[in-house]
Every structure is written in C-alpha cells, then in structure tokens.
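Everything below concerns the one structure shown next.
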Amino acid sequence: MTDELTREQTPTAAHIELTEGYAAHNYHPLRVVLSSGEGAWVTDVEGNRYLDCLAGYSALNFGHGHPRLLQRAHEQLDRLTLTSRAFYNDQLGPFARDLCALTGKEMMLPMNSGAEAVETAIKVARRWGYLVKGVPDGQANIVAMDGNFHGRTTTIVSFSTDPDATTHYAPYTGGFRVVPYGDLSALEAAVDENTVAVLLEPIQGEGGVIIPPEGYLRGVRTLCNKHEMLMIADEIQSGLARTGRTFACDHEDVTPDMYILGKALGGGLYPVSAVAANADVLGVITPGTHGSTFGGNPLAAAIGSEVCAMLAEGEFQARAEKLGGYLADGLASMVGNGLDAVRARGLWAGVDIDPGLATGRSITEALLDRGVLAKEAHGQTVRLAPPLVATEQDLDVLIDAFRAVTAG
Ligand SMILES: *Cc1c(COP(=O)(O)O)cnc(C)c1O
C-alpha cells in the first residue's frame, strides 16, 4: 500500500472534509477546527491553543464562556426557553427596561440576528415616514453608505456595494440611495423630502475598521434634524463596549434616533438583536405589523439583560480603551515596516498590510501558525478585535506574532 492510503487522516482534516462535503461553501475558513474556548482563548481538536482575535466579529466581547453569562443562561435554560410573543414571559420586560436604560431610549423591539434588526429598522423608518413625516405612500427612500455592511437579506444586499454580496441576487429592493462614507455634502445632496432615514455604521467594521472624519457623526445628526430624517446607527459590531464607550456614537456625543444592536447583545451564547428608539418612532409598530417567533424569548432576554447589567458597570468599556491603547502602541511601531496603516478605536483595529509584503489572507494564515486567530476584512486589511477580557500579556502574544509575520 502506498503512503497515501495508510496515512491516518488527522481530526482536523476529517472535520474539514465533513464540513466541506456537506455544508454549503459560503465561507472560506482558515484550516483550524475549534472544540472549546475559555475567555480569550480557544482550543482545537488536536489540543492546540489559539488567541481569538476575531471574537465572533465582536459577538464575543465578553470572551468565551463568561461565567456570569453562563450561569444566567443555565438557570434560564432549566426554567423556560420559549413562549412566543402570543403570551408574556417574565424575562422580556426586565430585558426591555435594561436595554432602554443602556441606550437612553424609551422602547425596544427584540429580534434574533443582526440582519433581522436591520430589517426592523428599515421597516420602522418607512412606516414612520408614511405615518409621521407624511411621505406619500410607496415613495420613501433611505440613504446608506458606500462600503456598508448591514447583513445578508435580499433587501439589505440591495444597497450593498460589495459585488460578492450582490451578484446574481437581483431583482433588488428599491428605495435606497448610496453615498460616499464620511462625506457630508454628498449626503445632503442625496436627500429629498421623501428621505426618511440615514442608515450608517458609526465605524465600518467589515469595511476594514473605517473611522469617519472627526465631526462626521455630529454633521449627520444635524442634517437629520434639518431634513426631518431618522438617524439610524447600526452598532451591531461597533457597540457594546468594543470601542471603549458603550456605543461608537458616544465618541462624538451623538444620539441617533434608532440604535441597531446584535452580536455581543447575546453574549456570544445566543443570537439576540434589537432596535431601540423613542416612542414617537417605535410606536408606529402596532400588533400584527411586525414580529418574530423567537424574538424576545425568555432565554434570549435573560442573556440580554445580563449583558446590559455587565455593561452598566462600565468595566468593559474601560478595559477596551486601556487595552486598545496598548495594542495600538504595539502595532504603531510596525507602520512603514510591513504595515501601511493602523486604524484603531478601543480594542478594535484595522491593520493595512503592505501589498508588497503579503495579502490579508496570507497574514491570517501565518498568524494561525503562531497561535493567533484573525480574519482579513477587505483584501489588504486584517481586523483585530480580541475579547475585552484579554490581558496585556495576551496582547503581547498578538503583537509579537504580528511582528514576526510582517518581518518580511
Ligand atoms: C454582523 C453585522 C450585521 C449582521 O448581523 P448578523 O447577525 O450576521 O445578521 C449587521 N450590521 C453590522 C454592522 C454587522 O457587523
């Protein structure tokens, strides 16, 4: 027998073969098969440990298996998990109250995935446009940003500018206009009397941690007031302490009319999303006009209110700011030496790799070999977002690995 036939397949190879054999190929994962995690670290099926610097695209802000979240989830799992909204449950009310306290809003509407919360925001904005602003029925438009990422539904990809996300999914949903991100005059030129909302990420995460020019969010707020449009902040990735503040909008002291939240709202344990707004906006939703079988279920609500309680203490926001400064300093020394640029806000960095050196993908593969998990954003950018429970020593592991793989 040849070597090929006698060689045992590794557990890693076996799991990859199964996944690629039976699951659709909508992702191109790094070749690592994870089986457990604790805090900022995960372990693969062969017992190797890795520092998780993607953190579930910021869904794992509190790390893997945070004891406080696990305990609350276990308790609720044993008691009651699903009622549907046909009945009240004893977890949704407290969660709604806690999320309103965290956002400073009067009402919330719970959903499950981020994309569903974005869809909810779009529906609310249109309804608000017809019922409150007085836009003629069917005429509402919403302005979104070039380079956006808001999810994967048919309506949401209708205003995506990423060909991978849109090609061969036509026909698209109408009623959206796209303008360059960070450009206030382009935004003002695009609005008319039928514009009901401006939808934006206060920092574009999938776009490569793109931070708009200082004052941009305040400018958007002013334009929204001037033209009677809702400012909708998709804080699904940027919110809940990642940037060093509860919301990325807080950096400019801007309050949007609607927050869209997801990812870390479920503590990395469960899909939990929501929109939060005042009653003059969310009040346009009446019984039967929107809903979700799982949205607001007791397990989701229990986890969501524990997340709100953890964020109310401010500790995670402070950690993100302090650790983010440490990471940014560590990476800054490599700019001009393998790195073209580093953009950072809190514990969230977009690192542009010198195209003469390597691609984003090849850097993530090299980081994997050094025990660091990261994901490229677009092409040359590697996005770094370790869990906020990471330590400075953990960040040293990341910085040292980065230095080694960009050393050329
Ligand atoms: C991840 C993300 C979404 C979509 O969330 P899903 O839970 O994957 O549907 C929407 N907006 C932003 C900014 C995101 O980062």
Side-chain angles (χ1 to χ4, degrees), residues 24 26-27 29 53-61 103 109-125 142 144-162 164-166 169 173 176 178 181-182 197-212 217 220 231-243 246-249 256 258-276 292 294-297 300 303-304 307 343 345-350 374-378 381 383-385:
N26 56 330
Y27 285 87
C53 294
L54 179 62
Y57 302 88
S58 287
L60 289 155
N61 280 358
T103 55
L109 195 161
M111 298 295 280
N112 312 283
S113 69
E116 286 174 306
V118 173
E119 287 276 350
T120 301
I122 292 167
K123 289 173 77 177
V124 168
I142 293 175
M145 301 298 151
D146 195 12
N148 72 74
F149 182 84
H150 296 288
R152 300 295 197 164
T153 66
T154 320
T155 287
I156 293 171
V157 302
S158 295
F159 54 91
S160 169
T161 55
D162 174 0
D164 286 342
T166 60
Y169 291 125
T173 304
F176 296 95
V178 174
Y181 187 60
V198 176
L199 169 63
L200 84 176
E201 300 153 88
I203 293 176
Q204 290 186 329
E206 299 307 300
V209 192
I210 307 297
I211 304 170
L217 299 176
V220 172
M231 178 176 181
I232 304 176
D234 181 348
E235 294 252 19
I236 289 172
Q237 194 166 157
S238 59
L240 309 183
R242 173 54 60 189
T243 67
T246 305
F247 302 107
C249 284
M258 203 172 346
Y259 288 103
I260 311 176
L261 301 172
K263 293 204 165 105
L265 193 57
L269 315 187
Y270 201 74
V272 184
S273 71
V275 303
S292 160
F294 287 94
N297 75 68
I303 294 167
V307 165
R343 295 172 296 279
R345 173 111 346 138
L347 192 53
W348 200 19
K375 170 86 173 82
E376 76 276 12
H378 274 131
T381 303
R383 157 234 333 255
L384 299 174

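Remember, it's 1-based here, ligands and their atoms both numbered in the order they're listed.
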Inset, instruction - Taking only heavy atoms of E201 into account, list the atoms of ligand 1 that are under 4.0 Å away from them. - result: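 Counting atoms of ligand 1 from 1, those under 4.0 Å from E201 are 13 (C).
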
Inset, instruction - Pull out every atom of ligand 1 sitting under 4.0 Å from any heavy atom of A115, numbered as shown with elements. - result: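 Taking each heavy atom of A115 in turn, ligand 1 has 4 (C), 5 (O), 6 (P), 9 (O) under 4.0 Å.
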
Legend entry - Side chains of F247 and T103 in contact at under 4.5 Å (non-hydrogen atoms): yes

Legend entry - Short side-chain to backbone donor-acceptor contact, T120 and E116, under 3.5 Å: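 Yes; at least one donor-acceptor contact below 3.5 Å.
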
Legend entry - Partner of V272 by side chain to side chain contact (heavy atoms under 4.5 Å, CB included), out of L261, L265, N112: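 Testing V272 for a side chain to side chain contact (heavy atoms under 4.5 Å, CB included) against L261, L265, N112 leaves exactly one candidate, L265.
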
Inset, instruction - Note the single closest protein heavy atom to atom 11 (N) of ligand 1, along with its residue, its atom name and the distance in Å. - result: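 Protein heavy atom at minimum distance: D234 OD2, 2.7 Å.
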
Inset, instruction - Report the nearest protein non-hydrogen atom to atom 5 (O) of ligand 1: residue, atom name, distance rounded to 0.1 Å. - result: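 Nearest neighbour among protein heavy atoms for atom 5 (O) of ligand 1, to 0.1 Å: G114 CA, 3.3 Å.
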
Legend entry - Contact check: Q237 vs ligand 1, nitrogen or oxygen atoms, below 3.5 angstrom: yes

Inset, instruction - Say whether K263, considering both its backbone and side-chain N or O atoms, lies within less than 3.5 Å of an N or O atom on ligand 1. - result: yes

Legend entry - The single option from K375, H150, Q237 passing side-chain hydrogen bond (donor to acceptor under 3.5 Å, both in side chains) against E206: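 Testing each of K375, H150, Q237 against E206, the sole residue satisfying side-chain hydrogen bond (donor to acceptor under 3.5 Å, both in side chains) is Q237.
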
Inset, instruction - Could you pull out the closest heavy-atom pair between L240 and A264, with the gap in Å? - result: CD1-C, 3.8 Å

Inset, instruction - Evaluate the criterion side chain to side chain contact (heavy atoms under 4.5 Å, CB included) for residue pair T243 and I203; output intermediate values, then yes/no. - result: CA-CA 9 Å; T243 67; I203 293 176; 4.0 Å; yes

Legend entry - Any protein heavy atom < 4.0 Å from atom 8 (O) of ligand 1: no

Inset, instruction - Check if Y57 has a non-hydrogen atom at a distance under 4.0 Å from any atom of ligand 1. - result: no

